[in-house]
Amino acid sequence: MIRRLLPLLLVGLFSAQAHAGLFDDDEARARINEIRKEFNGRVDKLEASARAQLELANQIDQLKAEIARLRGENEVLSNDLANAIKRQKDFYVDLDNRLRKFESQAAAEATPAPAPAADPAAEARDYEAAIGMVRANKLKEAASGFTAFIRAYPNSSFQPNAHYWAASALYQLKDYAGAADYYNRLATQWPDDTRAPDALLGLANAQQGLNDLKASAKSLEKLVAKYPNSAPAQIAKQRLKK
């Protein structure tokens with residue numbers, strides 16, 4: 001638009017100068033060329049400034065999105081920790097009740113009560129310890145803790161969460177193959193879990209890290225198809241458009 005106005009400005013200037021009789025033709029043309037160069041220089045500076053502002057705005061939007069994601073993960077971590085603490089307390093109450101029962105039987109039969117085969121609270125303690133590593137940003141310890149938990153407690157209700165955090169820690173450690181494995185297990189074995197959409201998005205990210213763009217696109221398409229109204233699906237739609 002600015003460049004379109006240049007000829008009109010120059011014509012007006014030339015007419016005024018011709019009318020005043022201050023310059024001959026050569027001087028007028030030289031002056032016009034000088035003004036044109038000066039005007040073009042200013043336009044170039046304005047355009048460069050506009051591009052810089054647009055790039056800065058894009059960077060700010062990206063930072064806002066990353067901050068929102070980190071806040072969401074922090075809230076999830078806090079919720080997981082609270083649930084783990086509550087479950088641990090429940091385990092301790094259950095353990096105390098069992099011990100009291102054994103003590104009563106021992107008193108009645110005058111024989112030692114058998115010791116419990118396993119610590120009922122160990123599951124909650126191990127999960128809480130692994131979550132603590134995530135909160136402390138000790139990624140290697142977190143990944144080891146959750147993979148050990150997954151092996152030790154195959155029937156635990158914490159299995160979906162453990163898979164998610166194991167995958168997340170491995171992804172941040174750039175172990176994309178390991179992260180993809182745990183994300184895929186979560187999405188496949190617990191498709192109704194609230195973390196399943198996040199697992200598919202994480203799987204797509206890990207596959208992209210492995211430079212398997214075709215598999216990454218398929219994971220995004222699967223996410224949109226299975227969980228169209230989820231927040232991860234909205235992210236997947238935008239990425240598929242690009």
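- Counting heavy-atom neighbours within 6.0 Å of Arg42 CZ, excluding the residue itself, gives a total of 12 or less.
- Leu170 belongs to a hydrophobic cluster whose remaining members, ordered by chain and number, are Ile150, Tyr182; membership requires side-chain heavy atoms of ILVMFWY residues under 4.5 Å apart, directly or through intermediates.
- A donor-acceptor pair under 3.5 Å is absent between the side-chain atoms of Glu123 and the main chain of Phe149, judged by distance alone.
- The side chain to side chain contact (heavy atoms under 4.5 Å, CB included) test with Leu203 singles out one residue from Asp198, Leu223, Asn184, and that residue is Asn184.
- No more than 12 heavy-atom neighbours from other residues, nucleotides or ligands sit within 6.0 angstrom of NZ on Lys138.
- The closest side-chain heavy-atom distance from Leu56 to Gln53 is not below 4.5 Å.
- Using a distance-only test at 3.5 Å, with no hydrogens or angles considered, a donor-acceptor pair links the side chain of Thr147 to the main chain of Ser144.
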Let me see the working for Leu200 and Leu186 under side-chain contact (heavy atoms from CB on, under 4.5 Å), right down to the final yes or no.
-> CA-CA 9 Å; Leu200 283 175; Leu186 170 53; over 6 Å; no
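- With values rounded to the nearest 0.5 angstrom, Trp190 atom CH2 is found 4.0 Å from His163 atom NE2.
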Does the pair Trp165 and Tyr127 meet the rule for a side-chain contact (heavy atoms from CB on, under 4.5 Å), with working shown?
-> CA-CA 11 Å; Trp165 291 117; Tyr127 183 82; 4.0 Å; yes
Should Lys214 and Asp212 be marked as a side-chain contact (heavy atoms from CB on, under 4.5 Å) after you check the CA-CA gap, both sets of side-chain angles, and the distance that decides it?
-> CA-CA 6 Å; Lys214 185 176 181 180; Asp212 192 349; 4.2 Å; yes
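- Arg239 and Gln208 form a side-chain donor-acceptor contact under 3.5 Å, judged by distance and modelled atom types alone.
- Contacts of Tyr164 classified as ring-ring contact (aromatic ring centres under 6.0 Å, His included), with partners at least two apart in sequence or in another chain: none.
- Side-chain rings of Tyr171 and Tyr176 approach one another, their centers coming within less than 6.0 Å.
- Of all the heavy atoms in Tyr227 and Ala233, the pair that sits closest is O-CB, 2.9 Å.
- No more than 12 heavy-atom neighbours from other residues, nucleotides or ligands sit within 6.0 angstrom of NZ on Lys218.
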